[in-house]
Amino acid sequence: MSSQDKLIIFDTTLRDGEQSPGASMTRDEKVRIAKALERMRVDVIEAGFPIASPGDFAAVQAVARAVSDSTVCGLARALDKDIDRAGEALKPAVSGRIHTFIATSPIHMKMKLRMEPQQVIEQAVRAVKRARQYTDNVEFSPEDAGRSETDFLCRVLEAVIEAGANTVNIPDTVGYNLPHQFGELIRTLIERVPNSDKAVFSVHCHNDLGLAVGNSLSAVLNGARQVECTINGLGERAGNAALEEVVMSVQTRQDIFPCKTDLDTTRIMTCSRLVSGITGFAVQPNKAIVGANAFAHESGIHQDGVLKSRETYEIMRAQDVGWAANRIVLGKHSGRNAFRTRLKDLGIEFDSEEELNNAFSRFKDLADKKHEIFDEDLQALVTESGQESGNEWLKLVALKVCSETGETPHADVTLWLDGEEQQVSCSGSGPVDASFKAIEALVNSGTELELYSVNNITSGTDSQGEVTVRLNLDGRIVNGQGADTDIVIASAKAYINAVNKIIQPESRAHPQLGDV
Ligand code: KIV
Ligand code: ZN
């Protein structure tokens, strides 16, 4: 494919996606998502903002070590210390990119940076030159480009390309643009920046008006050849352009788009479920491509039409994005090999035999309770085992709840805590409330419960419930997950998982706001 025919997919789920309030991910979770993105053949994975915290630095470094087929990118403000930190974190990468940015809109320059436009250009150029000392793959973003003056943007872009930026990314940071306007901006920039042929033009659109995908596609029609996006459209405020929507639009409307992506779209559902499981951000049922109803036909007329000819009401094939009908894949008698092979098909591989054994023994426990194990069950099971590092401070040993009409529910909880088993009983407004109170009575974490949600993984009353618990400790937010056919046990597991994470001190700063 020539560079004009190829649309580069830059995934920023691990960086901008993580900026969604509450969507924090641990280093290991980031590595698992990065590996899934790599398998889907995403071109560039933005793994984090290394200066933000030691945890972010370690996550970018870990992703750089784990991924070899995609380029791994680290974000840096246009400051020496940020760029040095990003350069350091990306050292292990087979292919690494530094993405540096500074704001260019009048409001950001005046109110936030308190800098004159000429100073902004100088700082941008200096940043790109410094980044080039670490890698020849440098991306520059004029933050809030969507509200910047076009003449000024042209000057900035010409200067950074001259300084060595080979990708220039135009962010609609606050999601203000309309598709025709944003497309026009991209076309104008490509036409007017004298050295525009020396760089790939990229776009990064936010979804404040629900236009992130529309704006990104309009930009592609006007010459952009990289789109920055996230799985399930996760991201700051209303989110970023959803990767699955951008990619499937381009693939489905090849009569309109003059370019293609390299993605293996059959991996989309696996990535979507993985990200939603880890972050606890459920996908709305009517979400395009990955929502539970995206390929469901409810009305009789539609069902009749689809049965006669699928194309009457479907513009894409469900299997092309990785939807397999709820197929029974494994059961009680399936062996380790069948388990490993099925997970491999789902894009899940284990780093060690120990991890495989751990997941397999959970699978056997589940198969005892639930006879038909679906792909979704396997994914939840792996999410759960992947979250356990083996040296948890806190573990659930036993849980007994009593809930009876007319009686106050109570829970007896036994935990492994501080190297010994400890037991407590508490009552509450329901069995989940009583269980959480009992766990808190023993661990005294001082956290606030921000979110409690239960989703059924498959259909039927024997389905596993997948619970997400979000805890806040002095502004630090973590998500815990648990899955079980018993939702009270799933809830207790999720709570314990979140407590285990919150005791690892890793605070994180925000790239667009404040000082680091
Ligand atoms: O939205 C934005 O402007 C960003 C930049 C850092 C690219 O996320
Ligand atoms: Zn952004």
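Order of listing sets the numbers, starting from 1, for every ligand and every atom in it. Quick note: numbers below take in every heavy atom, side chains included, and nothing from hydrogens, waters or symmetry partners.
With sequence neighbours left out, Glu38 forms a salt bridge (charged side-chain N to carboxylate O under 4.0 Å, His left out) with Lys35. In terms of the side-chain contact (heavy atoms from CB on, under 4.5 Å) criterion, residue partners of Gln379 (sequence neighbours excluded) are, by chain and number, Thr270, Arg273, Leu346, Ile348.
In this structure, the side chain of Glu466 does not engage the main chain of Ile457 through any donor-acceptor pair within 3.5 Å. Not a single donor-acceptor pair under 3.5 Å links the side chain of Asp16 to the backbone N or O of Thr12.
At a heavy-atom distance under 4.0 Å, only side-chain atoms of Arg15, from C-beta outward, approach ligand 1.
For Arg77 and Asp82, the salt-bridge test passes: some basic side-chain N is under 4.0 Å from an acidic carboxylate O.
Within Asp16, the N, O or S atom at minimum distance from the Zn ion (ligand 2) carries the name OD2.
Where the criterion is an N or O separation shorter than 3.5 Å, residue side chain and backbone included, Thr173 meets it with respect to ligand 1. By the 3.5 Å distance cut-off applied to N or O atoms, Glu143 is not counted among the residues near ligand 1. Polar contact with ligand 1: absent for Asp144 (N/O pair, distance under 3.5 Å). Between His206 and ligand 1, at least one N/O pair is under 3.5 Å apart. An N or O contact shorter than 3.5 Å is missing between Glu228 and ligand 1 by distance.
In summary, the atoms of ligand 1 found under 4.0 Å from a heavy atom of Asp16, numbered by their order in the structure, are 8 (O).
Exactly one residue among Thr279, Asp56, Leu234 makes a side-chain contact (heavy atoms from CB on, under 4.5 Å) with Glu18. That residue is Asp56.
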